[in-house]
Amino acid sequence: MRVPAPGLPPRIRIHEVGARDGLQNEKSVVPTGVKAEFVRRLAEAGLSTIEATSFVHPKWVPQLADAEQLFPMLGDIADVGDVALPVLVPNERGLDRALALGARGIAVFGSATETFAARNLNRTVDESLAMFEPVVARAKDAGVHVRGYLSMCFGDPWEGAVPVAQVVRVARALMGLGCDELSLGDTIGVATPGHVTALLAALNEAGVPTGTIGVHFHDTYGQALSNTLAALQHGVTTVDASAGGLGGCPYAKSATGNLATEDLVWMLDGLGVETGVDLGTLTATSVWMAEQLGRPSPSRTVRALSHKE
């Protein structure tokens, strides 16, 4: 039953991360053909932005070592609609690999905290920004859309609570490189709605417009949907989610799964907010993917609609 709430955007864009952020955290390596079919089914469900893979060194993320084999297999995805297939790149070498295969959207992955930057990028925060500078510049010169991920925006497992001003500084620097959009990551899932609103307001005051911001919540403490609703009430219209709730973070062991796309769509359908996603098709996709992985989906909506415990 649709019961709209006042003050919400009429439509949002879901940035689907299951095929990249979700599968990179799996203990086993998913066959390339299964990954391609997963992306294809996500597109058929109506998702218009599907992060396909990551061009990082196989040593760091062996689960996505097949990026060169996978990406060319996705060429027919455009046949099911206007679908963007961005990819993650860590540096100029990753950008070279992505551009060589015709990628039209990339993402770089920064950190708001020094400890996570050291563990994830083997650099300081400022050194990582310097590494991203030529990547973003070259991508923009090539007409490629650039997203900037910012991790640990609300809390860090080593440093604890992350000051809002610290996040704002790095966010402004990342956007200053020329990124088209910024994704705020609650990597370990500790955010609460008031914190979300405070950070968004501080970013606006610092000159980062709401229209360039996306949110990326993990459901560690069951707060992902409430945090998303707070962001939507602030005017955010881009929300990251992962089909079936797949994923976590291989460099932050306390991070549990991403916000499940089905749970997000169920809430938005009830609020009358358009997503373009068919919930039944998406649920069937996540049930299929759970079978490939040999375990049930953690998404409550998937379990409820598929009658599987």
Side-chain angles (χ1 to χ4, degrees), residues 5-15 49 107-117 120-121 124-133 135-137 139-140 145-218 220-221 223-241 259 264 268 271 273:
L8 296 179
R11 184 181 182 90
I12 72 142
R13 177 175 64 90
I14 297 175
H15 187 102
T49 305
V108 294
F109 197 92
S111 171
T113 67
E114 294 293 348
T115 306
F116 190 67
N120 190 37
L121 299 165
T124 67
V125 169
D126 288 341
E127 286 170 348
S128 66
L129 291 168
M131 177 177 69
F132 297 145
E133 185 172 8
V135 176
V136 176
K140 296 302 294 178
H145 183 275
V146 180
R147 159 178 266 225
Y149 276 108
L150 189 57
S151 296
M152 301 296 173
C153 289
F154 299 92
D156 178 291
W158 302 279
E159 298 183 19
V162 182
V164 168
Q166 179 175 322
V167 179
V168 170
R169 182 191 82 82
V170 185
R172 286 188 65 195
L174 195 56
M175 292 300 285
L177 298 180
C179 293
D180 296 292
E181 67 176 300
L182 172 72
S183 175
L184 303 174
D186 182 20
T187 314
I188 58 173
V190 296
T192 49
H195 194 170
V196 172
T197 301
L199 177 56
L200 290 170
L203 285 166
N204 292 161
E205 291 172 8
V208 181
T210 302
T212 65
I213 297 173
V215 289
H216 184 117
F217 294 117
H218 286 222
T220 313
Y221 294 92
Q223 302 297 297
L225 275 178
S226 57
N227 289 334
T228 298
L229 185 56
L232 297 181
Q233 290 168 334
H234 189 85
V236 169
T237 57
T238 298
V239 180
D240 296 5
L259 168 61
L264 174 64
L268 295 175
L271 288 167
V273 177

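Remember, predicted model here, so these are calculated numbers, not experimental data.
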Contact summary for I188 and Y221, nearest pair of heavy atoms: O-CE1, 4.2 Å
Gap separating the CZ atom of R147 from the OG1 atom of T212, nearest 0.5 angstrom: 11.0 Å
Heavy-atom donor-acceptor pair, N227 side chain to A191 backbone, under 3.5 Å: yes
Audit row: C179, V136, side chain to side chain contact (heavy atoms under 4.5 Å, CB included) steps and yes/no: CA-CA 7 Å; C179 293; V136 176; 4.2 Å; yes
Trace of the side chain to side chain contact (heavy atoms under 4.5 Å, CB included) decision for T238 with I213: CA-CA 7 Å; T238 298; I213 297 173; over 6 Å; no
Distance-only donor-acceptor check, side chains D186 and H195, under 3.5 Å: no
Check: T115 and M152 side chains under 4.5 Å, non-hydrogen atoms: no
Side-chain touch T124/E114, heavy atoms, less than 4.5 angstrom: yes
Nearest heavy-atom neighbours spanning L271 and A5: CD2-CB, 3.8 Å
From CA spacing to verdict: side chain to side chain contact (heavy atoms under 4.5 Å, CB included), L225, L229: CA-CA 6 Å; L225 275 178; L229 185 56; over 6 Å; no
Crowding at CD, Q233 (>12 non-hydrogen neighbours, <6.0 Å): yes
Donor-acceptor pair, side chain of Q223 and main chain of P193, under 3.5 angstrom: no
E181 side chain to G214 backbone, donor-acceptor under 3.5 Å: no
Residue pair W158 / T113, side-chain heavy-atom distance below 4.5 Å: no
Nearest non-hydrogen partners of T197 and A230, listed with the distance: OG1-CB, 4.0 Å
Side chain to side chain, L232 and I12, heavy atoms closer than 4.5 Å: yes
Validation row: H216, H15 side chains within 4.5 angstrom (heavy atoms): no
Least distance between heavy atoms, D240 atom then L259 atom: O-CD2, 4.1 Å
Rounded distance (nearest 0.5 Å) linking atom CZ of F132 with atom OH of Y149: 12.5 Å
Main-chain N/O of G185 paired with S151 side-chain donor or acceptor, under 3.5 Å: no
Minimum side-chain heavy-atom gap S111-N120 below 4.5 Å: no
Minimum heavy-atom distance L203-L184, with the two atoms named: CD1-CD1, 3.7 Å
L199 side, atom CG; N204 side, atom CG - distance, nearest 0.5 Å: 9.5 Å
Derivation and outcome, side chain to side chain contact (heavy atoms under 4.5 Å, CB included), residues T49 and I14: CA-CA 7 Å; T49 305; I14 297 175; over 6 Å; no
Any L129 side-chain heavy atom under 4.5 Å of L174 side chain: yes
Results of side-chain contact (heavy atoms from CB on, under 4.5 Å) for A206 - residues two or more places apart only: V168, R172
Spacing of CD belonging to Q166 relative to SG belonging to C153, to within rounding of 0.5 Å: 10.0 Å
Beyond-backbone contact of F154 with V196, side-chain heavy atoms, under 4.5 angstrom: yes
Atom of A241, atom of L264 and distance for their closest heavy-atom approach: CB-CD2, 4.0 Å
